[in-house]
S.K.: 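Input: one structure, supplied below.
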Amino acid sequence: YTPAGLVVVPSAPNEAQVEAARRARQAQAKPTIRDRLVQAGLYRAYSPAAFAIARLILALCPLGLALFVGLSGQAPLGVSLLIGGAVAGIGTLAPSFWLDHLKTARQKKPKRALPDALDVIVVCLEGGLSLTGAFTRVGQELMAAHPLLSMELRIVQREVQMGRSMGEALRQFAKRFDLEELRSLSAVISQAEKFGTSVVRAVVARYDTSRK
């Protein structure tokens, strides 16, 4: 209602707005090359550039070799370029499959470690430690058995020290592995922080649910 008592009906979005919203959702959902490299465990700043160069080399080298073979008369030019193009196409796609393989192999480690980590976290929280202290303790206790999880929890701890909330730091942790289990844990803690409820109860409830 306006001050004059008139009802203002919101206008329906036009086709351009709907299409823009759809593209924005797709862009947000689609992981970038940087995201995929991180999920594969390649955290270096130069990893995207190295990946792009590798794909370029794997595409150009077969074409260059095919052109050389064709022009030197060792094989018909058309045939050599056709074979070179096919090999170049495979070379362009191969790094993406390699990233997917690394990501799948890497996801198995935190999946195996998460039940043990939740056990320790719940014990620490029920013993009176803060959530940050509990995660620090987990990183120390599981360093020998689950070194990857221990390293990632140290990253979470550093991000919290730099000013991020625990929920946001865990959300980034989940994004680095693209694991639903980690996303669920980060969502539980984020909701507890947002609404001021007991983080201990939220984590314990999540732990009990995961054990069923």
Side-chain angles (χ1 to χ4, degrees), residues 25-45 47-48 96-212:
R25 287 195 300 269
Q26 288 180 344
Q28 186 175 6
K30 186 177 180 180
T32 63
I33 289 296
R34 178 63 181 170
D35 292 336
R36 295 183 64 196
L37 288 167
V38 168
Q39 290 166 3
L42 304 175
Y43 289 3
R44 302 290 185 181
S47 295
S96 293
F97 289 113
W98 176 66
L99 283 184
D100 291 338
H101 171 72
L102 289 180
K103 173 184 172 181
T104 302
R106 188 167 178 263
Q107 282 178 326
K108 295 177 181 178
K109 297 179 181 179
K111 272 188 176 182
R112 289 196 299 263
L114 195 56
D116 293 337
L118 284 173
D119 284 339
V120 179
I121 289 171
V122 169
V123 169
C124 291
L125 292 176
E126 291 179 337
L129 278 179
S130 66
L131 188 61
T132 303
F135 274 87
T136 302
R137 185 65 179 271
V138 169
Q140 295 170 350
E141 293 288 336
L142 301 182
M143 186 177 297
H146 304 292
L148 179 59
L149 179 65
S150 178
M151 182 193 74
E152 290 293 332
L153 289 179
R154 289 199 296 271
I155 295 175
V156 169
Q157 184 182 7
R158 285 200 300 269
E159 290 182 341
V160 171
Q161 291 172 348
M162 293 172 62
R164 276 185 170 171
S165 67
M166 178 59 75
E168 177 60 27
L170 288 175
R171 192 178 301 114
Q172 293 301 316
F173 178 22
K175 186 178 179 180
R176 290 195 295 272
F177 282 87
D178 193 23
L179 274 180
E180 185 58 38
E181 294 88 344
L182 293 175
R183 280 194 291 266
S184 176
L185 179 61
S186 68
V188 167
I189 293 176
S190 295
Q191 290 294 317
E193 291 177 333
K194 181 179 179 180
F195 295 107
T197 57
S198 171
V199 176
V200 176
R201 290 181 182 177
V203 174
V204 171
R206 173 68 181 86
Y207 169 80
D208 291 337
T209 303
S210 67
R211 300 286 287 184
K212 291 179 180 180

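Sequential numbering from 1 along the given sequence is applied to the chain's residues. All values below were derived from every heavy atom in this structure, side-chain atoms included, with hydrogens, water molecules and symmetry-related copies excluded. Source: prediction; values computed, not measured.
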S.K.: Grab the two heavy atoms, one from Leu179 and one from Gln107, that are nearest each other, plus how far apart they are.
M.R.: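 Smallest heavy-atom distance, with atoms named: CD1-O, 3.9 Å.
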S.K.: What are the two closest heavy atoms between Arg34 and Tyr43, and how far apart are they?
M.R.: NH2-O, 3.2 Å
S.K.: Please test Arg36 against Asp100 for salt bridge (charged side-chain N to carboxylate O under 4.0 Å, His left out), starting from the C-alpha separation and ending with a verdict.
M.R.: CA-CA 8 Å; Arg36 295 183 64 196; Asp100 291 338; 3.1 Å; yes
S.K.: About how many Å separate CD of Gln172 and CG of Leu182, when rounded to the nearest 0.5 Å?
M.R.: 12.5 Å
S.K.: What is the minimum heavy-atom distance between Leu148 and Pro110, and which atoms define it?
M.R.: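 That would be CD2-CD, 4.4 Å.
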S.K.: How about Phe97: does its CZ atom have over 12 heavy atoms from other parts shown lying under 6.0 Å from it?
M.R.: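 Atom CZ in Phe97 is not crowded, with 12 or fewer foreign heavy atoms closer than 6.0 Å.
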S.K.: Do Leu170 and Val156 touch side chain to side chain, with heavy atoms closer than 4.5 Å?
M.R.: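 Of all side-chain heavy-atom pairs linking Val156 with Leu170, at least one is under 4.5 Å.
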S.K.: For Arg154, give me all partners under side chain to side chain contact (heavy atoms under 4.5 Å, CB included), at least two apart in sequence or on another chain.
M.R.: Met143, Ser150, Met151, Arg158
S.K.: With heavy-atom distances below 4.5 Å as the criterion, would you say the side chains of Leu129 and Phe135 are in contact?
M.R.: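 Not touching, per the 4.5 Å side-chain cut-off.
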S.K.: Applying ring pair (Phe, Tyr, Trp, His ring centres under 6.0 Å), which residue pairs with at least one partner in residues 141-173 are found, sequence neighbours left out?
M.R.: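 The answer is Phe173-Phe177.
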S.K.: Is a donor on one side and an acceptor on the other found under 3.5 Å between the side chain of Ser47 and the backbone of Arg44?
M.R.: yes
S.K.: At their closest point, which heavy atom of Ile121 faces which heavy atom of Ala134, and how far apart are they?
M.R.: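 Ile121 and Ala134 have their closest heavy atoms at O-CB, 4.2 Å.
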S.K.: Going from CZ on Arg176 to CD on Gln39, what distance comes out if it is rounded to the nearest 0.5 angstrom?
M.R.: 11.0 Å
S.K.: Please tell me if the side chains of Leu42 and Leu99 come closer than 4.5 Å, counting only heavy atoms from C-beta onward.
M.R.: yes
S.K.: So how far is it from Met166 CE to Gln157 CD, rounded to the nearest 0.5 Å?
M.R.: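 Met166 atom CE to Gln157 atom CD measures 8.0 Å (nearest 0.5 Å).
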S.K.: Sequence neighbours excluded, which residues qualify as side chain to side chain donor-acceptor pair (under 3.5 Å) partners of Arg183?
M.R.: Asp178, Glu180
S.K.: Test of understanding: with side chain to side chain donor-acceptor pair (under 3.5 Å), list the residues that count as partners of Glu141, not counting sequence neighbours.
M.R.: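 Glu141: side chain to side chain donor-acceptor pair (under 3.5 Å) contacts with Arg137.
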S.K.: How would you list, by chain and number, every residue that makes a side chain to side chain donor-acceptor pair (under 3.5 Å) with Ser190, sequence neighbours excluded?
M.R.: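 Result, side chain to side chain donor-acceptor pair (under 3.5 Å) vs Ser190: Arg171.
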S.K.: Within the 4.5 Å heavy-atom criterion, are Leu149 and Asp116 side-chain neighbours or not?
M.R.: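 In short, these two side chains do not touch, never coming nearer than 4.5 Å.
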S.K.: So, applying side chain to side chain contact (heavy atoms under 4.5 Å, CB included) with Lys108, which one of Lys111, Arg106, Arg112 is it?
M.R.: Arg112
S.K.: Mind checking what makes side chain to side chain contact (heavy atoms under 4.5 Å, CB included) contact with Pro147, not counting sequence neighbours?
M.R.: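 Residues passing side chain to side chain contact (heavy atoms under 4.5 Å, CB included) with Pro147: none at all.
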S.K.: Between Lys175 and Glu159, is the salt bridge (charged side-chain N to carboxylate O under 4.0 Å, His left out) condition met? List the steps.
M.R.: CA-CA 14 Å; Lys175 186 178 179 180; Glu159 290 182 341; over 6 Å; no
S.K.: Rounded to the nearest 0.5 Å, how far does CD of Glu181 lie from CG of Leu114?
M.R.: 7.0 Å
